[in-house]
Student: 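Below you'll find the structure I mean.
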Amino acid sequence: MDSEAISLPQDMLPEILRTQPVLTAAIGPGSLDDLVLGAVERKPPRAWYVAIACTSTVMLVGLALMGYTVATGIGVWGNNIPVAWAFDIINFVFWIGIGHAGTLISAILLLFRARWRNAIARFAEAMTIFAVMVAGLFPLLHVGRPWLAFWLFPYPNQRAIWPNFRSPLLWDVFAVSTYFSVSLLFWFMGLVPDLASLRDRTTSKVRKFLYAALSLGWRGSASHWQHFEKAYWIIAGIATGLVLSVHSVVSFDFAVSLVPGWHMTIFPPYFVAGAIFAGFAMVVIVMIVVRTTMNLEHLITMYHLEVMNKIILTCSCLMGYSYCMEAWTAWYSMNQFIHHTFWAYIAGTYAWAGWLTITCNILVPQLLWVRRFRRSFPVMLLVAVAVTIGMWFERFVIIVSSLHQDFLPSSWHIYKPTIVDIGILLGSFGLFFTLVLLFARVLPVIATSETKSALPGSQPHHAGGTHA
Amino acid sequence: MREPVFSVLGIFDSSQQLLDAIPAVKARVSGRLDAYTPYPIHGIDAALGLRKSPIGGMVFVMGLIGAISAVAFELWSEGVDYPLVTGGKPIFSWQAFVPIMFEVTVLFACFTAGLGMLFLLNRLPFFRHPMLHSKSMPLITRDKFALAVEADGKAIDIDVDAIAAALREAGAQTIEVLEQPAPLGLLSPNFLMRVVLGIGITCFVAGYLTYWGVKLFPVTIPIVHMLDQPRLDPEREDSFFKDGFGMRMPVAGTVPMAELPFTITKQEDAAILANPLPRTESVLKKGQKNFNTYCSVCHGALGNGVPSLTAAYGAKPANLASDSIRQLPDGEIYYVIMRGKNAMPSYAADLSEDERWSVVNYVRVLQRALNAKDSDIPQEAQK
Amino acid sequence: MSESGVTKVFTLGAAAGLVGVLATGFAAGWERFWVNWILWILYVLTVGLGSFFLVVLEHVVGAKWSVPLRRVPERLSSLILPMGPALLLALLALPVLYPWTRPGSHDNPIIAGKAVWLNVPFFVARVAACIGLWLLAYRILVSGSIRQDREADVRFNVRARRVAPVFMVVFGVTITIVAFDWIAGLEPTWYSDVFGVYIFAGTFLAGLAATTLAVLYLFARGKLPGIRPDHIYNLGGFLFAFTVFWAYIGFAQYLLMWYANMPEEVFWYKERLQGLWGILVLVLAVVHFLVPFLVLIPRDAKTEPKRLVWVAVFILLAHWLDLYWMLFPVLGSGPVFSWPELSFAMFFTFASLLWLRRMMARGAAMPIKDPFLREGLEFRL
């Protein structure tokens, strides 16, 4: 059987079957360091300064409005009864969702041994951490007295009470803090060897001290690498379960309730698929910016972008399935309240948001069935931006539209966001992109040691072997 | 005199050369072998004879501990220490405790993996290893591979030349000799670990003591959030109002709830009031209870004006069974309860409308009882 | 035992089972007969569909490591072929087990309201459509792959890559329809929109377990030369991951219904958690999740054939138990298990094994002319 096994040379295969290169130039470990670590050592291009000026301005406006909210009260937002959750929770779910892509690329793709992940894992993980940081601001603000938010943690206190462990809001506290700390640990662990490289390259004494301290004295010993690899893989494996659980716990905030349109059992996997969807779109946007501005086109190749787009398309189909299941089950339930809620999604006050969601999340990404579009920058960016907008509005529809007309018609009320709401939302984007820009300036955007280990010729031969 | 040698390094250009060199060098020299590489090399663990990493077992055990302690804590806090029924769920609602149990398991497991790897197994941070100050270190983190033959610690001097020759034969491009670092003194990694552990234990003990302390002594000044509030307390003075009184009278024109205002000002005018309550047993029993509570003190248990008060009281309560009062319509008796008469104060605040009318009915009972006639005795009892 | 000896044993077993199967309707009641029939149809169908999903997944993702193994799930997916007619036969169960077919059911406004979905002609049309779509996909993907052994035409791979994503969509829709029509339809006032995903999870896991078992069986007999522990590890990894996924979906559905406690939803769980059913569901949790999960945690466990065989067997048993726990409460009593269930088990198990033996014997055990076979055999972790 072995001898009968054929293998056609690449040029004899139809294009659709050919293996795409993950690396499109001859890059060795040394030149990789110069390319990636050099960006940290050099002064950034003028575009970086312009970009960070813009994003920090937006961020400061947002932070100022957050300060205004804390000083004055939640009344400056548009929240009312019955729409008690609005932009605050929409933004929280949105940003947590975006964080999931990083862990998926970093952890889950590691487990699948997808070699293409190496070039993008580092900044994807960084995006996770920043997204979770931004997301965490919103539950903090929306409690009204954020200076008392520590009450959410179970510590012995003079009130002699404990937080309510049966509440999904507390599950959220644990899930998000675990997610943040584990992501931070995972990211930092991966950074240690790269910080050691920076330590050994730098000539500035201040930087050398900082990098030396942060790299903990890493020396690349084989016994250290052994423990490191094992720990890295274990955390990757566990982080996979963590990713599923975090957005499922976020979905439980809604699904354990009785609100029609919220109590749908498909919420956990639906939210996870949506999170991956939104996150990958954001990663695609950042990827395109990073590869162009930092001359990394040979490391972050069209292959990477095409695979990302295929995953975005898959998630779009999963979202389509979820929307169809929700709508069909809503009809099938023969429950008049659920019927009304779903009618409101497409024909009520916020129907425009419902249709915007469907267009941006289901219709626009279908362009990616076409191979030419998957490899075209304008189409990719269009789809990524559409998905980002669509996923934000999906949360808007779920939260605001379901709440504004639930069981009791006498409680129905319209929701209108205030300028503070919108300013904080824009500010959150400003904060996120400012952090990403700072990260790109200060730390290597590609995991150099990981990528080096997968370059051609980097590993000793073992009696023929492919890693497909 | 030269510093004692710590290790001899051979620098190789590729991972293949390094891997091939290991068995060759192992055969020729004694001493501990270690390799330094910019990334992990497949197959090097076996070549160097490294023991399997214990991290998997550590993670499993800690994960299990995390799961059990999370569930135990949730069950104890929600079921034993401060049992709380939320959403009609049973006290030991394990289903609701699963998500947090899962998250805490993940937290414990991942932190064991990450921090256990860094601090315990790799003994980092450690900044005094001779490798860090060598000329080869920048080469290693860039793209070269090193094989080190280390002195075992007991050997004061190792045969540098023999080792260098073995390394060169195995294909090393350059050789470097590293010297032992000066002994450290106080700030060893072990010491730091103990300090961290000590801080951890202190925090734990402090938390435990705090919990029990505040449980036994609920208020710890100055953390008195809800006790010290800008509000009006009953029976306390308050600077908010000009006269300093915290408790205020109701605003003029305030009417009590569940009652219409009583506007009659002359007893005769009250005659038009109709008694809404029938003279059923339950009404009369209620009236009896109220009369005994409020009226019998002055008017006597029988309503005949012979009270339990002494003469020193001064006033003379009316005999309710007297003819003048017997002739009064119900409304006028009600009026007297509402407005008082002479020395009798108003009992409007003490009795609700129904209670007042029930008292009126009971007064009628007393009046009949104290003016009983023989014909009042039922037929059967007249023997 | 020789090959023909094994075949004889299987045939005898199947025949003995068939006697019991035929007797069940008359001796134990037609409800008992049909619920067993539907359980076993769904069981074999889901094993076939799950294996088929694995094949389709390989084409969608362009995986190379699984190419040498692909023929095994392809043969397993041939179980869909006899299940088509069996499912059509199961239509006779509609008036016996499915309350919405009875005339009085339309007094219930919930059932009357969805009469446009829950009526016999549309139901039959749906079943026929599902079977038709599965057969079409089978023809393109599996028959095409087997044909490639002779024709060595690379165009099959191109066609497979193009058709596979479309079939993924079809698969999602059809498995949801099967879940709602055949399982949830037994209690037509109940609804849960993750139910399709739940049945999918069990289906895929069953397909993976069956594939793993078959691969290890053939590997032990030297029929899969060139397969290495690296390939086995991937199968073990998938088993581990999807065991967790099944448990996650199952628990999520339960947690949400338990928490909201809405009578119109939670009665389904109430029926299935009282008395012996509650004990059964604990057993299900242990056999379907806890044991495979704990056994497969260590990395090395995922390459040990003996462990994987046990885990695969457990999962296949647990999948039966899962369907049993979902379907049998419709009989209205506690869990029943006696000669009807054993007869059905014997008949369907041995008949399926006979079918699979015949199918495997029809051709090579690997897709020998697939252009990626060599790369697949050279796969290293």
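What you see is a predicted model, and the numbers here were worked out from it, not measured in a lab. To find a chain, count down the sequence lines: A is the first, B the second, and so on, and within it residues start at 1.
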Student: Give, as side chain, backbone, both or neither, the part of A:V272 having an atom under 4.5 angstrom from any heavy atom of chain C.
Tutor: side chain
Student: Given that the side chain runs from C-beta out, which part of A:I338 has a heavy atom under 4.5 Å from chain C: side chain, backbone, both or neither?
Tutor: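 Contact with chain C is through the side chain of A:I338 alone.
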Student: Against chain A, work out which of C:G237, C:S192, C:A252 has the most heavy-atom pairs shorter than 4.5 Å and name it.
Tutor: C:S192
Student: How close do C:Y233 and A:R113 get, counting heavy atoms only, and between which atoms?
Tutor: CE2-NH1, 3.7 Å
Student: Do you know which of C:E265, C:M257, C:R299 has the most heavy-atom pairs under 4.5 Å to chain A?
Tutor: C:E265
Student: Compare every heavy atom of C:G113 with every heavy atom of A:W331, then report the nearest pair and how far apart it is.
Tutor: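 Closest approach of A:W331 to C:G113: CZ2-O, 4.2 Å.
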Student: Quick one: pull up OH in C:Y259 and OG in A:S167 and give me the separation to the nearest 0.5 Å.
Tutor: 5.5 Å
Student: Parallel, tilted or perpendicular: which describes the rings of A:F112 and C:F238, with under 30° parallel and over 60° perpendicular?
Tutor: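 Tilted: the ring planes of A:F112 and C:F238 meet at 30° to 60°.
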Student: Given that the side chain runs from C-beta out, which part of A:Y321 has a heavy atom under 4.5 Å from chain C: side chain, backbone, both or neither?
Tutor: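 The answer is the side chain of A:Y321.
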Student: Using the test side-chain hydrogen bond (donor to acceptor under 3.5 Å, both in side chains), find all partners of A:H304 that sit at least two apart in sequence or belong to another chain.
Tutor: A:T301
Student: Which region of A:I234, side chain (C-beta onward) or backbone (N, CA, C, O), has a non-hydrogen atom less than 4.5 Å from a non-hydrogen atom of chain C, or is it both or neither?
Tutor: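 Neither part.
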Student: Show every donor-acceptor pair shorter than 3.5 Å between a side-chain atom in residues 241-251 of chain C and any protein atom, with sequence neighbours excluded, or say none if there are none.
Tutor:
| from | atom 1 | to | atom 2 | distance (Å) |
| --- | --- | --- | --- | --- |
| C:T243 | OG1 | C:L239 | O | 2.5 |
| C:W246 | NE1 | C:D322 | OD2 | 3.3 |
| C:Y248 | OH | A:S248 | OG | 2.6 |

Student: Checking C:D193 side chain against A:T329 main chain: does a donor-acceptor pair fall under 3.5 Å?
Tutor: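 Flag not set: sc C:D193 to bb A:T329 has no pair under 3.5 Å.
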Student: Kindly indicate, with the supporting measurements, whether the criterion ring pair (Phe, Tyr, Trp, His ring centres under 6.0 Å) is fulfilled by A:Y332 and C:F180.
Tutor: CA-CA 10 Å; A:Y332 186 82; C:F180 271 90; 5.7 Å; yes
Student: Is the side chain of A:T265 donor-acceptor paired with the backbone N or O of C:Q253 at a distance under 3.5 Å, no angle test?
Tutor: no
Student: Between A:S257 and chain C, with a heavy-atom cut-off of 4.5 Å, which part of the residue counts as in contact: side chain, backbone, both or neither?
Tutor: backbone
Student: Hey, what do you get for CD1 (A:I266) to OH (C:Y198), rounding to the nearest 0.5 Å?
Tutor: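 Result: 15.0 Å between the selected atoms.
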Student: Given that the side chain runs from C-beta out, which part of A:W233 has a heavy atom under 4.5 Å from chain C: side chain, backbone, both or neither?
Tutor: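 Neither part.
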Student: Search all heavy atoms of C:E264 against all heavy atoms of A:N335 and return the closest pair with its distance.
Tutor: OE2-ND2, 3.7 Å
Student: From the options C:V194, C:L255, C:L256, select the one residue that forms a side chain to side chain contact (heavy atoms under 4.5 Å, CB included) with A:P268.
Tutor: C:L256
Student: Sort by residue number and list every member of residues 165-177 of chain C having a non-hydrogen atom under 4.5 Å from chain A.
Tutor: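 Listed by number, the contacting residues are C:P165, C:G172, C:T176.
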Student: So for C:W190, is it side chain, backbone, both, or neither that comes closer than 4.5 Å to the heavy atoms of chain A?
Tutor: backbone
Student: Which residues in residues 155-162 of chain C have any heavy atom closer than 4.5 Å to a heavy atom of chain A?
Tutor: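 The residues closer than 4.5 Å to chain A, in numerical order, are C:N157, C:V158, C:R161, C:R162.
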Student: Which pair of non-hydrogen atoms, one from A:H263 and one from C:M262, has the smallest distance, and what is that distance?
Tutor: CD2-SD, 3.5 Å
